[in-house]
Amino acid sequence: MAASIDPCTIVIFGASGDLTKRKLVPALYHLAVEHRLPRGFSVVGCARSQMNDNEFRHQMRAAVNEFSRSGLENEAVWEDFARRLYYLSGDYQDPGAYLRLAQSLAKLDREHPAGGNNIFYLSTPPDLYAPVVQRIAAAGLAGGDDRSKGRTRIVIEKPFGGDLGTFDESQVYRIDHYLGKETVQNILVFRFANAVFEPIWNRRYVDHVQITAAEIVGVESRGAYYEKAGVLRDMFQNHLFQLLCLTAMEPPVAFNADAMRDEKVKVLRSVRPVSLRDVEEFAVRGQYRRGTVDREEVKAYREEAGVARDSNTETYAALKLLIDNWRWEGVPFYLRSGKRLPKRLTEIAIHFKRPPLLLFKACAIEQVSPNVLVLRIQPNEGISLTFEVKPPGPEICLSSLSLDFNYQAAFGGVQPEAYETLLVDCMRGDSTLFTRYDWIELAWSLLTPFLQAWKGTAPQGFPNYGAGTWGPDEADALIAREGRQWRRQFEMGPGA
Ligand code: BG6
């Protein structure tokens, strides 16, 4: 049974930013609609902009209306929720602001008794993480060993790194919103609650694995951030590596935070490090030029606001990774992700080995398509397995069909947003779906050679793919060198 949710106050630093409007407050509102928030609950938004509580509530109402998965559906719930929203303006560097925050928290604890449990959500630019954390501690808000005074947790968004000083690892919740997605959590259930797949989930039966996270969107209003990040930091170091780990990990000894995270760390430890001089053999980078996406003319990356006109930042990457352990030795994992691709799609495709052909050779059948198991993370969330059948008729011939499971068709309704799941887990103190520090360090160390090589040499022919295409030709060559190709089925039409 799920642990109950303790009362708490959530303090959001960066409350006037996009994440608060688009994700955090809509997610909290939805939890209120579903009566999943504890009775003693309130939110304090902190940011530099001057605003009073009412103005903040007004802004958040508009945000919920625009971004919540079902709009502002319940006025009575909103009214009650809005009464729990507060705002405090101040400079992140000013110790005085934190003293005022401490006073507000003490006062709020009387109005919405939270037992001194505070969650500090850092939704600020990452260079403010260290100063904010230090000042929280200096204001006596970091909590300590004395649990009777309430628990303190801190939530951070990527990029992770740096020193969170006074906070113990058990208090730190690093968000990777992919881990909150229903379909991502289902990877584990699919693998470990079914007996039929696990025996073939290894080098004896699997030829290779393709993990794709394709986006239609460009860098939107985040050009300045993206310029420094690029797709490796933005998508691989977190989301794609998490998908890789969930696909490749061994069964954990228990379904709890440490056991799960131990297994994920073991996967990254087994990934063969790529040396600087081998980067070209294992990776391809790309950047989009102008093109047409979804029938709309779009700018080149270099024309986006906040981006240098001669930028070498990669908006696409494809990597081949090898996992040197008993289960996966010799099975390549191909990972790719990019902005301004023709379709929004995230999936994991397990390509099984071809069966021996001898039997059907006599029937002039040269090629048998291998079975492919696809875990579709988004959209059209579901699972499909392709297999060969004999169409009716006198001749023996083969045709590929698929068995499909679709979440929407099976369960209907709208799936909870990843942030709802993750916020509840943080309030419960369950860190299973959050990222541990050793995992982050390993992920960085695996990506460092790619980052260094790409920083040190100018890319050839950038921009090298048109917006609205599936990336640079070199990405096709990367996988074709080994006689394979990227999955194309899903490129044919919506929902395919
Ligand atoms: C974020 C990245 O972490 O994930 C964005 O910073 C990206 O650049 C987003 O667009 C993708 O998330 P989703 O849930 O739309 O697949």
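When a ligand or atom number is given, it counts from 1 through the structure's own listing order.
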Can you list the atoms of ligand 1 that are under 4.0 Å from a heavy atom of [X]?
| X | result |
| --- | --- |
| K158 | 1 (C), 2 (C), 3 (O), 6 (O) |
| R222 | 2 (C), 5 (C), 6 (O), 8 (O) |
| D234 | 2 (C), 5 (C), 6 (O), 8 (O) |
| Q378 | 13 (P), 16 (O) |
| K339 | 5 (C), 7 (C), 8 (O), 10 (O) |

Modelled atom types, side-chain donor and acceptor of [X] and [Y], under 3.5 Å:
| X | Y | result |
| --- | --- | --- |
| Y334 | E482 | yes |
| Y226 | T315 | no |
| K181 | Q378 | yes |
| Y316 | E474 | no |

To check your reading of the model: name the closest protein heavy atom to [atom], its residue, and the distance in Å.
| atom | result |
| --- | --- |
| atom 12 (O) of ligand 1 | H177 NE2, 3.1 Å |
| atom 14 (O) of ligand 1 | K181 NZ, 2.6 Å |
| atom 15 (O) of ligand 1 | R344 NH2, 3.6 Å |
| atom 10 (O) of ligand 1 | E215 OE1, 2.5 Å |

Task: S16 versus K21, closest heavy-atom pair with distance - done: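 Distance-wise, the nearest heavy atoms are O-NZ, 3.3 Å.
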Task: Contact check: H239 vs ligand 1, nitrogen or oxygen atoms, below 3.5 angstrom - done: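 In this structure, H239 places an N or O atom under 3.5 Å from an N or O of ligand 1.
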Open item on the list: Can you tell me if Y178 contacts ligand 1 (heavy atom of the residue under 4.0 Å from the ligand)?
Closed with: yes
Task: Side-chain heavy atoms of Y29 within contact of N74, under 4.5 Å - done: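 Touching, per the 4.5 Å side-chain cut-off.
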TODO: Could you tell me how the ring of Y419 sits relative to the ring of Y121: parallel (under 30°), tilted (30 to 60°) or perpendicular (over 60°)?
DONE: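 Tilted.
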- [ ] Decide whether a cation-pi geometry holds between R57 and Y86; the criteria are a distance under 6.0 Å from NZ or CZ to the six-membered ring centre and an angle within 45° of the ring axis.
- [x] yes
